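Worth saying up front: this structure is predicted, and the values here are computed from it rather than measured. Only heavy atoms go into these numbers, but all of them, side chains included; no hydrogens, no water, no symmetry mates. Atoms within each ligand, like the ligands themselves, are counted from 1 in listed order.
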Amino acid sequence: MIGAPMTQPKPAAPFVFDPPSRVLLGPGPSDVPARVLSALARPTVGYLDASYTALLETLQQQLRDLFRADYAETLAVTGAGTAAMEAALYNVLEVGDTVVAGVHGYFGDRLRQVAERAGAQVHVVEAPWGEPTSPAAVKAKLASLGTAKVVCVPHGETSTGVCQPIPELAEAAHAHGALMVVDTVASLGGTEFDTAGWGVDVAYTGAQKCISAPPGLSPITFSPRAMEVVRQRKTPCASWYLDLLGNLTVWSTPHKYHHTGSINLVYAMHEALNIIAEEGLAARVDRTAHTARALWAGLEALGVPLSVEPAYRLPTLTAARVPDGVDEARVRAHLMSEYGVEIAGGLGPLAGKIWRIGLMGASCSRRNVMLLLTALEEALREQGQAVATGAGAAAASAVFGED
Ligand SMILES: *Cc1c(COP(=O)(O)O)cnc(C)c1O
């Protein structure tokens, strides 16, 4: 005997991630339809495969329809919504340019930070969290500056549930020769947004909110006026990866390599946009508005006040005030553990004070609203709140029954 036989280490059991079943009613991601998920599993082809470049052209037209703009320079950048935010600002701004940023929440502030990192002199027009940016205040700021390169705001501010008056802001921007740059990550495909009709020069969104595609691909469009600014730059875009002129070589003929696109995510977004086309964009916006009204009626009936005035309330993301004496995190934990329902808490100054409930794309349904209201009622009663049985569901049901 030379020694004990060598024992092979036992291979570790392969870890298979089997995601739990969830109902995604937070600020994104939203539920992704099975059709979209199966599109992801189609075979990967090369980034210059003729079938793929033809698909890019189809997707580009679908995106123009979604933005409601026939702008030639429409594409999707490879990355999250924040990548499109950086693409928007890095491509139109050069060091020393003047920017007016409307800030009334977390994402307006992210726009401000990105503009500053692009080297711009950023002037902030602030509004309290929960209120929109005042077009009069933007006008006054622009008048005091004389001119600016860019005015930027989010359309739907996901941290507060506020929807901004974009046409008025765009008019103010144009009166002073500025481009209007708008973040529609939380709104496009869920609530009215008319890029060309409202005079928006750069608009961008993300895959995982009202489009209900998996995260990682972010549509963006540039008006002819914005393209003039891009083409007349004195310095190249500070980001190589997000450089619009470079990215456009992929999206226009003859299609060229710039960086490897997220090929399977393109399949998925194309399928998600097929679903939007089948429903019809206007019908989808109506469905979202109607479903949101039912949610709002249900929340109020449960004694959960809405944070934002009806005039500028965002249908795709509702901010609701946590009633006195209620532990907001415990309510969210109950929804998750008992029903697999995800909603979000507040950010920044609103942490602990509000819940944020998303009704985005595929997640926006009567079924989900009834489930949420029933689960929320249970969670509130568990914390000693006096809530009449079925009050929230009954109020929502009445709205659903209206037409
Ligand atoms: C979610 C969101 C973003 C950021 O998107 P990511 O995909 O997380 O980078 C930006 N703006 C708004 C308004 C959003 O709701």
Side-chain angles (χ1 to χ4, degrees), residues 24-32 66-67 76-90 101-115 117-118 127 129-133 151-166 169 180-193 195 200 202-221 239 241-242 262 265 268-269 272 288 292 307-308 312-319 342-348 350 354-361 363-364:
L24 299 177
L25 293 176
S30 60
D31 290 334
V32 181
L66 182 68
F67 280 117
V77 299
T78 315
T82 307
M85 184 188 288
E86 294 203 347
L89 292 175
Y90 271 74
V103 176
H104 60 136
Y106 184 85
F107 289 105
D109 191 65
R110 186 175 290 185
L111 274 160
R112 172 192 68 75
Q113 293 177 49
V114 172
R117 288 189 188 203
W129 285 43
E131 284 176 33
T133 302
V151 173
C152 60
V153 292
H155 175 224
E157 172 53 78
T158 325
S159 62
T160 61
V162 167
C163 190
Q164 302 260 35
I166 299 300
L169 292 168
M180 187 72 221
V181 174
V182 183
D183 173 322
T184 71
V185 177
S187 52
L188 193 73
T191 192
E192 169 93 1
F193 192 82
T195 303
V200 174
V202 185
Y204 59 86
T205 192
Q208 77 276 22
K209 305 211 184 183
C210 301
I211 299 176
S212 286
L217 199 63
S218 297
I220 187 165
T221 189
S239 167
Y241 188 62
L242 296 171
S262 294
L265 289 180
M269 181 167 281
T288 306
S307 310
V308 175
Y312 40 86
R313 198 180 284 157
L314 186 65
T316 54
L317 192 286
T318 296
E342 178 180 282
I343 66 169
L347 292 171
L350 297 175
I354 62 166
W355 289 301
R356 293 182 302 139
I357 303 165
L359 291 176
M360 298 179 175
S363 287
C364 176

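The stretch residues 206-217 participates, sequence neighbours left out, in these side-chain hydrogen bond (donor to acceptor under 3.5 Å, both in side chains) pairs: Ser30-Ser212.
The CG atom of Leu89 sits 11.0 Å away from the CG atom of Leu242 when rounded to the nearest 0.5 Å. One distance of note links CD1 of Ile343 with CD1 of Ile357; it measures 5.0 Å at 0.5 Å rounding. The SG atom of Cys152 sits 10.5 Å away from atom CZ of Arg112, with the distance rounded to the nearest 0.5 Å.
The environment of OH in Tyr90 is crowded: more than 12 heavy-atom neighbours from other residues, nucleotides or ligands sit within 6.0 Å.
Listed for the Ser218 side chain is no donor-acceptor partner under 3.5 Å among the backbone atoms of Gly206.
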Sub-3.5 Å pairs, protein N or O with ligand 1 N or O:
from, atom 1, to, atom 2, distance (Å)
ligand 1, 7 (O), Gly81, N, 2.8
ligand 1, 7 (O), Gln208, NE2, 2.8
ligand 1, 9 (O), Gly81, N, 3.3
ligand 1, 9 (O), Thr82, N, 2.8
ligand 1, 9 (O), Thr82, OG1, 2.5
ligand 1, 11 (N), Asp183, OD1, 3.3
ligand 1, 11 (N), Asp183, OD2, 2.7
ligand 1, 15 (O), Thr158, OG1, 2.3
ligand 1, 15 (O), Lys209, NZ, 2.8

